[in-house]
Amino acid sequence: MREDYKAAKKLAEEAVREAKKKGIDPYLPILDEMPEVRSASSEVRLGLLELPVKRIIGNKEAGRNSAFANNFMPLLEEGSEFATKWSNLYDSFMNEGIRDAIKVYEYMNNYYVQEGNKRVSVSRFGDMEFILADVRRIMPKPSDTKEYKVYSEYLRFYAATKNIYIVFTEVGSYEKLADLLGRDLDKKWPESVCSELKLAYFSFCKKCRSVLKIDDDRALSEAFLMYISIFPMKTLFRDTEEQIIKNIKLASSELSAVTSDDIAFLDSAPEAAEQKTSRFRQFIQGKKKYTAQSPLKAAFIYDADPELSRWTDSHEAGRLYVEQMTDENVVTTSYCTGEMTTEETIERAIADKNEIIFAVSPSMIPDALKAAVKNPSAKILCCSVGQKHSSLRYYHGKLYEAAFLMGVLAADTQLRDGVGGERKIGYLTRNLDNMSKRVLNAFAVGVSLLDPECRVVLGCGESIDALRDEWKQKGIRYYADFDYEGQADLMSRPGLFRMDEEKDKYIGAPYFSWGKYYVQIVQSVLSGAWELGDEMKTHNAASYWFGLSTGVVDIRVSRISYQTNKMLAFFKTAIVNGGFDPFTGELHTADGTVYQAEIDKKPGVSVERQTLKTGDIAFMDWFNENIDSDLI
């Protein structure tokens, strides 16, 4: 019908105008014109698939690409032969649907039409959700990009499930989905599990589109993963529709897509002075007053006995510091998970009327998130940094600032010791996956400032004894052992050491002073400054990340020369005053990449004084150029 074509053409013209306003291409992308496709490794035929129409984003070849706007709506004049064919096809579609399969190519989880673009156009105009397609996959050339890593994981997921509908954007998401379902990506899943997953996903998407107005497949996939992380997938079959919608609303802030730019990194706790109000206004706002008879109760959740874990012990010291530094209007209690899950332990703490809850291990995040979503009035914090959840707040220390100072000390000590030849310093980690790259890199940068020729050798082992002989053969006399988190059963002393025959000599260590952290956060609740106000107007998630300037992290050293002490004091003062950062200026990686650090391109700031953005430091995924290891 001519009126239908006229309406579709109007949508196309609107899309073109909008694209031009944004400065983007108003026409469909062409697969064959992408340089990376020309170097693709191979093609694989997938056969006939029911393809989501919205995932078809462009054309395989140029052809008559100007006939369609970038939303696949037609642009040619109403009286043209093209318009007549489009109208006739739309009439046929309305009467009997699309009869013949289109031909498409898939590349990096997007689909491009080779044959049947008018069928795609009328299907979109007619709000058709799926279309039958004969699909060929173009295999991308391997690379180190995030997109390729995500796609490689998807290929393993597809091989195990033949599911094309769930499309993630983060590395590890498919692994997490498999883990939640008790599966892995290296074996084919039972047909029953694949069918249940598809049904659950479609059921969730239908409700999520209705309740949260999320329509993008990638956003829906991430929301689905988050949902079943909080509410098991079986609840989508077991619970009533009313309950599922209630759950979606309860977790709505978590189901919305969040990027690293949406995280507010706070380098100090809000102060009451910033939120002074009149007594009348405080009364209207309902500010709670805590007393010895009605104290603020704070719970600390541990997953290991403080006597058996250096990490938990450091937090227990922090809890005791809170008790010393606050009045009777604050009461703290420690809870060890033991036989219970973290979620059950937090629920117990909430039942005991604890208003603020600190989960001290990053491994507690999944259960802490569940508890936070189900108990929105509780103030729950988890010890980690850079997480993208709005229901939880996160806190951690910038140990990398202290590790940088230890790198400077390590290089200085080794040079003073007269170590000749090829100079090396060992760096011990117990688990490469849990190791903080920012701490290692900051240490390595500190080493390189004092001794550009010195190499930092990364080694993995349960203790120094596993590497002692190997490192001695390599001429390594000094090593750093800074592992804290992720090692619940680790109690040995952290620090910088010199290997000796009888007992390794302790030189110094970076450390956390969690008590100062906890006191600041507890005081923010006592003073009514817990709500972040303006900080959260442009962010969805909050992460406290305190450094040397707050005293939350620092270093302790054994006897050192006054010259070395002056040097460390100089660097520390520069970091505390904001004039320097371990990641200031030009940075060179182990793979030859050169990062030109940026600080939002402030005018008048020289390259040498620019530093990486906080988010880039939090999500650091590279190794400094002076780090050697077979592990990287």
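Heavy atoms only: backbone and side chains are in, while hydrogens, waters and symmetry mates are out.
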Ion pair check, Glu344 and Arg348, cut-off under 4.0 Å: no
Test of ring centre spacing under 6.0 Å for Phe168 and Phe157: no
Charged N-O contact under 4.0 Å between Asp313 and Arg310: no
Test: Glu153 and Arg156 ion pair at under 4.0 Å: no
Lys NZ or Arg CZ of Lys297 over Tyr335 ring: under 6.0 Å, within 45°: no
Glu170/Lys146 ion pair, N-O < 4.0 Å: yes
Tyr427 and Phe443 aromatic ring geometry - parallel, tilted or perpendicular at 30°/60° bounds: tilted
Cation-pi geometry met for Lys437 and Trp622 (6.0 Å, 45°): no
Tyr544 six-ring face occupied by Arg393 cation (under 6.0 Å, within 45°): no
Under-4.0 Å salt bridge between Arg468 and Asp465: yes
Parallel, tilted or perpendicular: rings of Phe619 and Phe265 (30°, 60°): perpendicular
Close aromatic pair by centroid cut-off 6.0 Å: Phe404 and Tyr400: no
Lys/Arg-Asp/Glu bridge criterion (N-O < 4.0 Å) met for Asp554, Lys572: yes
Quick one: side chains of residues 189-199, donor-acceptor pairs under 3.5 Å with protein atoms, not counting sequence neighbours, listed by atom name and distance.
residue: Trp189; atom: NE1; partner: Asp184; partner atom: O; Å: 2.7
residue: Ser195; atom: OG; partner: Glu191; partner atom: O; Å: 3.1

